[in-house]
Amino acid sequence: MNFRLALLSGAAFALSASAVAQDTNIDGRVGKLEKEMRAVQRQVFPAGAGKFIAPDIQSPTIAQPETPSTTSATSDLLVRVDALEAQLATLTGQVEQQGNNMRGLEARLKILEAQLASAQLASAPQETAMPAIAQATTAPSVLPAAAPVPAAVTVKPKPVVAAAAKPAAIAAKPSAARVAAVAAIERPATGDAFEDGYTYGFRLWEAKFYPEAQATLEETLKTYPKHRRASFLRNLLGRAWLDDKKPATAVKIFYDNYKADPRGERAPDSLLFLGSALTDLGKTAEACEAFGELSRAYPDIATGRLADRVTAGKTRAKCK
């Protein structure tokens with residue numbers, strides 16, 4: 001009898017250990033899946049600030065238990081694993097789609113940049129060649145032997161320096177009244193050089209002194225390219241160019257701000273203004289791609305803080 005009891009006890013212990021091992025294995029799978037899902041979600045929703053979006057673990061293909069007591073811990077974990085694996089596959093697909101969309105948008109923007117560069121070269125003054133002087137019908141039939149035939153003459157115009165190439169980004173010398181008006185804008189001196197430069201650039205932009213704002217912001221960004229608030233500054237710099245009716249330059253700045261720091265606080269805004277700048281250039285298809293990327297990468301912001309602007313931008317670009 002004692003031997004039989006010992007055997008039964010051993011079997012019960014073995015079954016218990018097996019169940020514990022199975023539960024531990026499933027727990028490990030769940031933990032691994034949750035970690036992987038958080039990593040994927042950080043890519044799909046970069047503005048989520050680390051928030052974890054809980055999966056819907058109620059699978060439509062699995063019948064719901066009549067009472068909680070009939071569901072074992074192992075069954076619950078298996079349902080969680082199945083749901084997590086399904087959601088992880090969905091999120092992975094979203095990441096791949098987002099990457100494809102970004103590559104497509106980047107390729108289109110590079111083509112646009114090349115087209116703009118070609119247009120600028122085509123509009124530059126070219127050398128004018130004067131043809132050789134041919135013998136006219138009214139001219140004497142015989143030219144003096146000592147008189148050589150004139151060769152082609154090339155007239156080279158004086159080089160023209162584009163306004164954007166000037167270091168101060170100001171096309172012409174400002175008037176005395178403008179100088180006085182700019183001088184009247186208070187330049188902060190808090191001791192934080194980046195914040196002082198950003199704030200002063202913002203005040204210049206707000207007063208519609210766009211070239212001066214561009215020069216101030218560019219100098220600040222050049223000095224502090226890795227500052228934690230560089231996303232704010234680059235976005236404002238793009239707006240200074242956009243409001244100055246220079247959408248081609250603004251496109252590059254807005255796109256670079258988003259691409260360089262997609263987690264930056266003004267990355268969603270830069271996508272919005274990128275769409276606006278592309279619309280100004282007549283590139284409505286690319287503009288709609290930018291608005292679409294904004295909605296995919298930052299759904300909460302696209303439907304929240306920037307909702308009205310996104311709607312207006314899509315309407316102006318005639319997005320479908």
Side-chain angles (χ1 to χ4, degrees), residues 43-49 94-95 97-117 119 164 198 201-202 204-211 213-214 217-218 221 229-320:
Q43 297 181 56
V44 178
F45 308 110
Q94 291 178 359
V95 169
Q97 182 62 39
Q98 182 179 350
N100 291 334
N101 292 335
M102 278 303 302
R103 285 189 290 272
L105 179 58
E106 183 175 7
R108 286 176 176 267
L109 289 175
K110 285 183 178 179
I111 294 173
L112 174 62
E113 186 177 352
Q115 290 174 345
L116 292 172
Y198 173 78
F202 178 85
L204 289 168
W205 166 77
E206 193 174 36
K208 302 186 186 306
F209 293 127
Y210 300 129
Q214 294 158 15
L217 295 170
E218 286 172 355
L221 182 62
R229 277 170 49 85
S231 177
F232 281 87
L233 191 146
R234 283 192 295 260
N235 184 70
L236 180 59
L237 177 60
R239 296 193 65 182
W241 282 102
L242 181 61
D243 294 341
D244 197 22
K245 310 301 181 185
K246 306 291 193 311
T249 303
V251 162
K252 178 173 176 54
I253 295 172
F254 286 132
Y255 181 70
D256 286 347
N257 191 37
Y258 170 64
K259 185 178 179 181
D261 187 10
R263 293 178 178 274
E265 294 182 72
R266 284 295 180 265
D269 302 70
S270 287
L271 275 178
L272 172 70
F273 291 116
L274 172 62
S276 180
L278 288 168
T279 304
D280 288 349
L281 289 169
K283 303 294 182 180
T284 54
E286 290 82 354
C288 293
E289 286 188 22
F291 293 131
E293 180 64 18
L294 170 58
S295 298
R296 287 187 293 269
Y298 311 97
D300 293 341
I301 295 177
T303 58
R305 177 171 63 86
L306 298 178
D308 292 341
R309 289 187 172 186
V310 171
T311 301
K314 288 182 176 180
T315 300
R316 191 165 75 95
K318 299 180 180 179
C319 301
K320 295 180 181 180

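Count residues from 1 along the sequence.
Contact record, Gly201 with Leu217: CA-CD2, 3.9 Å, taken as the closest heavy-atom pair. In terms of heavy atoms, Asn257 sits closest to Ala230 at OD1-O, 4.3 Å. A pairwise comparison of heavy atoms in Pro247 and Ala277 identifies CB-O, 3.7 Å as the closest pair. Scanning all heavy atoms of the two residues, the minimum distance from Ala317 to Ala287 falls at CB-CB, 4.2 Å. For the pair Leu294 and Ala302, the tightest heavy-atom approach, listed with the atom from each and the gap, is O-CB, 4.0 Å.
Going from atom CG of Leu236 over to atom OG of Ser231 covers 11.0 Å, rounded to the nearest 0.5 Å. Going from atom NZ of Lys314 over to atom OG1 of Thr279 covers 12.0 Å, rounded to the nearest 0.5 Å. Distance SG/Cys319 to CD/Glu289: 10.0 Å, rounded to 0.5 Å. The line from CD of Glu265 to CD1 of Ile301 is 9.5 Å long, rounded to the nearest 0.5 Å. Between atom CZ of residue Arg229 and atom OH of residue Tyr198 there is a gap of 5.5 Å, rounded to the nearest 0.5 Å.
A donor-acceptor contact shorter than 3.5 Å links the side chain of Ser295 to the backbone of Phe291.
At least one side-chain heavy atom of Trp241 sits less than 4.5 Å from a side-chain heavy atom of Ile253. At a threshold of 4.5 Å between non-hydrogen side-chain atoms, the residues Val251 and Leu274 count as touching. Under the 4.5 Å side-chain criterion, counting only non-hydrogen atoms from C-beta, Leu221 is in contact with Arg234. A 4.5 Å side-chain heavy-atom check between Tyr258 and Glu293 finds at least one atom pair inside the cut-off. Counting heavy atoms from C-beta on, the side chains of Leu306 and Tyr298 never come closer than 4.5 Å.
Between Phe273 and Phe254, the ring planes are parallel. Angles under 30° get that label, and only those over 60° would be called perpendicular.
No side-chain N or O of Arg266 forms a donor-acceptor pair with one of Asn235 less than 3.5 Å apart.
Salt bridge Arg316/Asp280: present, at least one basic N to carboxylate O contact under 4.0 Å. Using a cutoff of 4.0 Å between basic side-chain nitrogens and carboxylate oxygens, Asp269 and Arg309 are not scored as salt-bridged.
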